[in-house]
Amino acid sequence: MADNGDNDSQHRVNEGDYVVLKRGDIYKAVQIQKKKKTVFEKQWFFLDNAVGELYGTTFEVVTGGILQPRKPKCVESSADAKEAGMDNRNILDDGKSQKLTRDDIETLKEQGLKGQEIVQQLIENSTTFRDKTEFAQEKYIKKKKKKYENSVMVLRPSCRVLAMMYHGREPGKICHLRYDTLAQMLTLGNIHAGSKVLVFETCAGLVLGAVMERMGGYGSVVQMYPGGGPVRAGMESFGFPSRFHDTLHEFPICHVNALLAGALDTEAKDIDAGVRLLVIASRFHPCPVLLGLIKFLAPSRPFVVYSQYKEPLIECYTKLREQGGAVSLRLTDSWIRHYQVLPNRTHPVLLMSGGGGYLLSGTTVAADTPKMGPTRGEEPPPKRLKLTETTEG
Amino acid sequence: MSFVEYSEFIQEGDVAIIFLGHDSMMPVKVQQGAQTQTRYGVIRHSKDLIGQRFGTKVTCSKGGWVYVLHPTPELWTLNLPHRTQILYTTDIANITMMLELKPGSVVCESGTGSGSLSHAILRTIAPTGHLHTVEFHQQRAEKAAEEFREHRVGHLVTVRNQDVCKEGFGVTGVADAVFLDIPSPWEAVKHAKNAMKRQGGRVCSFSPCIEQVQKTVEALANEGFQEISTLEVLLRVHDVRSITLPLPDFGSDQPLETPTDTPVPSNASVLCKTTTPPRDMAGHTGYLTFATKPSV
C-alpha cells in the first residue's frame, strides 16, 4: 500500500474529472472541461490550467479568467511592528473611515491588482486602522481578504466536501440533511465494502454517492426510486470510476409489492436475495417506506431512516415496536458546533446550525414463530415477516 | 464472522453479541462445549449458538430468551472491555467522514487505547486498506493485537508499541489520514505530517481540553496544514413515550344553583405520542480538530 512517490498521476487533476471548487466555506461541484467558462462566486474563469496539477492546489484567478497556481505560503510578514491601539473607546463608527470609494476599488480591480494588494490599499486608506487593537486589525484584514481575494482551491470530491456543499448551497434538495447526520447514517448503517445495500433517497443522489464511496466498488447497491427514474446528479459529482457503476442497480418502488409477493422474475435478479443494509432518506413519509423495505433485510442487520421531522419517526418507532422484528430502536438527532481557535480569542463560532434532521436506527432480528416466551417490552409480532433466502454472506 | 464481513451462521471462534433487552447486551466468544450465564438462564454454545443464524432468538435454560447478533464495530464499541476511556459512535462517525476514510485508505492512529475507533476504521478501510496503530502502553498494545486477530481483522492492521511523539508511526509517506487521541498531540504533528502521503491527506486530533486544542491548532498552522477546523458533536436521544394528560374541568357554563358538596370529577384526558429527553445526556466528549496536509 506504500506510495511510490513517483506515480502520483492519480493525485493529479485530469480533463473530464469531477472536482469541487472551494473558497473559504463555499463549495461548488464542476466537471473539468477545457475552454469552458466556469462561474464561481461571481467570477468567471477557465479550468484549463488545473489539469495536471495536484488535487488540493490553490489557484489565483488572474485577468482573463486564467488560473495560476499560488506560490506556497507567501509569508505574512508581521515583522514590521504594527501600530495598534489598546481598545475602541475613541473609535467612532461614522462610516467615513475608509477613504477609498467603491469606484476607486473597482478601478484598482480593473488595473489588475491582486486581492492582497487591494487589502493593503484599504488598510492604508483607513483612518482608524492604526487605532484598532491588534486583534481588531487581524479581524479587519481577514474580513477584507475574504471579500477581495480571488483564490480557488480545486478539491477531489468526497462525501465530506459534497455533503457540506449541498447543505450550504441547496439544503432543500437534500431534505435539509446536515453533513454530520449523514456521517451518523453511514456509520450506524455499517456501510462497508462488500455490503448489499438498499437505498431509498430523495437527496439528489448525495446519499447514494456517500454509500457508494464507503463501498469502494465492492458489493452492490440497489437504488429504489419513486416516479420516472432514479436521480443521480449528486452521485455523479463523486466522479467514481466506471467499475463502481457496475455495482449500482435501480428498482422502481411501484414494483415493490409485486416483488414481495413473488410475482416478479426478471427484475428480482437485480435485487438478488438477502439485502444486508438499509438506508432511507427522503421527503416521503418514512413509516410506510421503512415498513415496506425492511422486509428485504436479513436478520441482524442495521437500518437507518432519516427524516427532516421528528413526528413521522415517532410513528415509525411505534409501528416497529408493535410489529416486532427490530431491536435497539433509537430516535436521535445530532448537535454540532464549530469553534474559532486563536490565541486569547478561542470561542464557539457565533452562528450555529439550528438542526440537522432526525434519525431512527435499529437492528433487525428474526421474525418470531407464533409460540414463544414472555415479551420484554416488545409485543409479539402478529404476523410473519417474509424473509427472502440468503445466499453466501 | 468477521468485523468487516457479514456471515450468516454462527461458528466456533466467532464473537457474537447477546442482546438481552433494552440497552442490555454482552459479547460472547463462541466455543464448543462452553456455556454463558445470563439472567434468563444458561446459553449452551454447542446447542444454542453454533450453526444458528445470526439474529435468531435463543431460548435459555430458564425459559427466557435472548437474541444473538452479528458483531459490528458499533456493537463492539458498546460492549468492549474498557482499558481506557473510549470514543463513541457519534464522534467515530464524524471522524470517519471528515477524514474521508473509505476502502483502500491507509490510516495511522495513536493511541490505540481499547480499540473502539480502530475497529470502526478497519471496517471502513477493508479489504484493501491498512491501519497502522501506535500504543505506548505495552499490555494495551498486546491486548489490542490479540483482539484484532480474534476478530479476523489482523491482516488489515499493524500494532506498534512505541511513543508516537518520539518515534512517529513507524511508516512514512503512506497515510491518507492520521488520527491522534493522545495527551500532547502538538508533539506528534510533525510525525503525522511525515507519515502522510506526499500529495496530501487529512488529519484529526481529539482532545478533551481546549488548551490542548489551542496548542495543536498552532502546531498544525506552523507545519503548513490548511482548512484547520475545530468542532464538537453531541448526540441527543429522544425517548418515545405515550403520555396521558388530564384535561381541566372548567365546569358548566350554566349559573350555579346550589353549591354541591361533592362536585362530580371529570376523568377526561388526552393521549399523546411524543418524545422526552433523558434526564442526563453526554455534554462533552472532546473537541475534534481537522486539517488538510497541502500537496507540495
Side-chain angles (χ1 to χ4, degrees), chain A residues 1-3 5 8 11 54-57 72-73 158-160 163 179-180 182-184 186-188 190 192-194 213-216 218 276 298-302 310 314 317-318 327-328 330-339 341 343 346 363-366 368 372-374 376-377 390 393, chain B residues 4-8 19 21-22 53-57 59 63-65 67 69-70 72 74 89-90 92-94 96-98 100 102-104 106 120 123-124 126-127 130 173-174 197-200 210 213-214 217 224 229-238 240 273 275 287 292 294-296:
Chain A
M1 243 52 59
D3 168 42
D8 60 8
H11 298 274
L54 286 170
Y55 273 103
T57 304
K73 234 4 187 144
S158 69
C159 172
R160 167 183 80 97
Y179 44 89
D180 58 304
L182 177 56
Q184 299 298 317
L186 297 167
T187 292
L188 288 172
N190 194 20
H192 62 282
E213 185 184 77
R214 293 282 268 264
M215 288 171 55
Y218 301 93
R276 306 289 184 232
S300 190
R301 298 292 179 264
K310 192 171 40 155
I314 296 178
Y317 182 103
T318 308
V327 296
S328 289
R330 285 226 301 181
L331 216 192
T332 60
D333 78 301
S334 167
W335 182 96
I336 188 168
R337 196 185 217 180
H338 289 261
Y339 282 75
V341 179
T346 299
T363 305
T364 56
V365 289
D368 283 320
M372 27 125 278
R376 198 165 305 140
T390 50
Chain B
V4 300
E5 212 181 307
Y6 274 106
S7 52
E8 210 186 321
F19 180 85
H22 186 60
R53 272 203 167 99
F54 281 105
T56 50
K57 198 173 242 185
T59 309
W65 46 262
Y67 286 106
L69 300 178
H70 196 289
T72 64
E74 287 61 58
T89 300
T90 309
I92 291 174
N94 280 88
T96 305
M97 187 188 76
M98 299 294 258
E100 304 185 355
K102 51 185 185 273
V106 177
R123 174 267 315 274
T124 301
H130 202 85
V174 302
K197 286 189 172 129
R198 194 176 51 84
Q199 296 89 347
I210 200 69
V213 172
Q214 289 174 309
V217 165
S229 149
T230 299
L231 53 92
E232 62 174 340
V233 270
L234 294 174
L235 198 71
R236 296 181 33 152
V237 179
H238 303 269
V240 177
K273 199 86 185 169
T275 66
Y287 301 102
T292 306
S295 47
V296 173

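Residue numbers begin at 1 in each chain, while the letters A, B, ... track the order of the sequences. Scope of the values below: all heavy atoms of this structure, side chains included, with no hydrogens, waters or symmetry mates. Being a predicted model, the structure only gives us computed values, none of them experimental.
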Worksheet item: Between Arg214(A) and Thr96(B), is any pair of side-chain heavy atoms under 4.5 Å apart?
Response: yes
Item to complete: Go through Thr56(B), Thr90(B), Val217(B) and name the one with the most non-hydrogen pairs under 4.5 angstrom from chain A.
Response: Thr90(B)
Item to complete: Go through the steps to decide whether His11(A) and Arg198(B) satisfy the test side chain to side chain contact (heavy atoms under 4.5 Å, CB included), and finish with yes or no.
Response: CA-CA 10 Å; His11(A) 298 274; Arg198(B) 194 176 51 84; over 6 Å; no
Worksheet item: Is Gln199(B) reaching over with its side chain to a backbone N or O of Asp8(A), donor-acceptor style, under 3.5 angstrom?
Response: no
Item to complete: Answer with side chain, backbone, both or neither: which region of Arg330(A) has an atom nearer than 4.5 Å to a non-hydrogen atom of chain B?
Response: side chain
Worksheet item: Is there a side chain to side chain contact (heavy atoms under 4.5 Å, CB included) between Glu100(B) and Cys159(A) once you walk through the steps?
Response: CA-CA 7 Å; Glu100(B) 304 185 355; Cys159(A) 172; over 6 Å; no
Response to the item:
Answer key: most heavy-atom pairs under 4.5 Å with chain B among Leu188(A), Thr364(A), Thr318(A) is Thr318(A)
Practice prompt. First locate atom CD1 of Ile92(B), then atom CD of Gln184(A), and finally report the distance between them rounded to the nearest 0.5 Å.
Written response: 10.0 Å
Worksheet item: Taking it one step at a time, do Thr332(A) and Arg236(B) satisfy side chain to side chain contact (heavy atoms under 4.5 Å, CB included)?
Response: CA-CA 5 Å; Thr332(A) 60; Arg236(B) 296 181 33 152; over 6 Å; no
Worksheet item: Side chain, backbone, both or neither: which part of Ile210(B) has a non-hydrogen atom closer than 4.5 Å to chain A?
Response: side chain
Worksheet item: Counting distance only, does the side-chain N/O of Ser300(A) pair as donor-acceptor with the main-chain N or O of His70(B) below 3.5 Å?
Response: yes
Discussion item. Please classify the contact between Val213(B) and chain A as side chain, backbone, both or neither, with a heavy-atom cut-off of under 4.5 Å.
Written reply: both
Item to complete: With a 4.5 Å cut-off on heavy-atom pairs, point out which of Thr346(A), Ile314(A), Asn190(A), Ile336(A) contacts chain B the most.
Response: Asn190(A)
Discussion item. Heavy-atom pairs under 4.5 Å with chain A: which of Glu74(B), Lys102(B), Met97(B) has the most?
Written reply: Met97(B)
Fill in: chain B contact via Tyr55(A) - side chain, backbone, both or neither, heavy atoms under 4.5 Å
backbone
Worksheet item: Highest number of heavy-atom pairs under 4.5 Å with chain A: which of Thr275(B), Thr292(B), Thr72(B)?
Response: Thr275(B)
Worksheet item: Atom OH in Tyr179(A), atom CE in Met98(B): separation rounded to 0.5 Å?
Response: 6.5 Å
Discussion item. If you define the side chain from C-beta out and look only at heavy atoms, does anything of Thr187(A) sit under 4.5 Å from Arg123(B)?
Written reply: yes
Discussion item. Quick one, Val327(A) with Tyr67(B), criterion side chain to side chain contact (heavy atoms under 4.5 Å, CB included). Give me CA distance, side-chain angles, the key distance, then yes/no.
Written reply: CA-CA 9 Å; Val327(A) 296; Tyr67(B) 286 106; 4.0 Å; yes
Item to complete: Go through Val237(B), Val4(B), Thr230(B) and name the one with the most non-hydrogen pairs under 4.5 angstrom from chain A.
Response: Thr230(B)
Worksheet item: Where on Gln214(B) is there a heavy atom nearer than 4.5 Å to chain A: the side chain, the backbone, both, or neither?
Response: both
Item to complete: Tell me, for Thr57(A) versus chain B, whether the close heavy atoms (under 4.5 Å) come from the side chain, the backbone, both or neither.
Response: both
Discussion item. For chain A, which candidate among Thr124(B), Leu235(B), Thr59(B), Thr89(B) shows the most heavy-atom pairs at distances under 4.5 Å?
Written reply: Leu235(B)
Discussion item. Quick check on Thr363(A) against chain B: is it the side chain, the backbone, both or neither that has a heavy atom closer than 4.5 Å?
Written reply: side chain
Worksheet entry | Tyr317(A) vs Lys273(B) side-chain heavy atoms within contact, under 4.5 Å | no
Fill in: By ring-ring contact (aromatic ring centres under 6.0 Å, His included) - contacts of Tyr287(B) (at least two apart)
Tyr339(A), His284(B)
Worksheet item: Is there side-chain contact between Pro299(A) and Phe54(B), with at least one heavy-atom pair below 4.5 Å?
Response: no
Worksheet item: Heavy-atom distance under 4.5 Å to chain A: side chain of Ser229(B), backbone, both or neither?
Response: side chain
Discussion item. Can you give me the closest heavy-atom contact between Ala126(B) and Ala193(A), atom names plus distance?
Written reply: O-CB, 3.3 Å
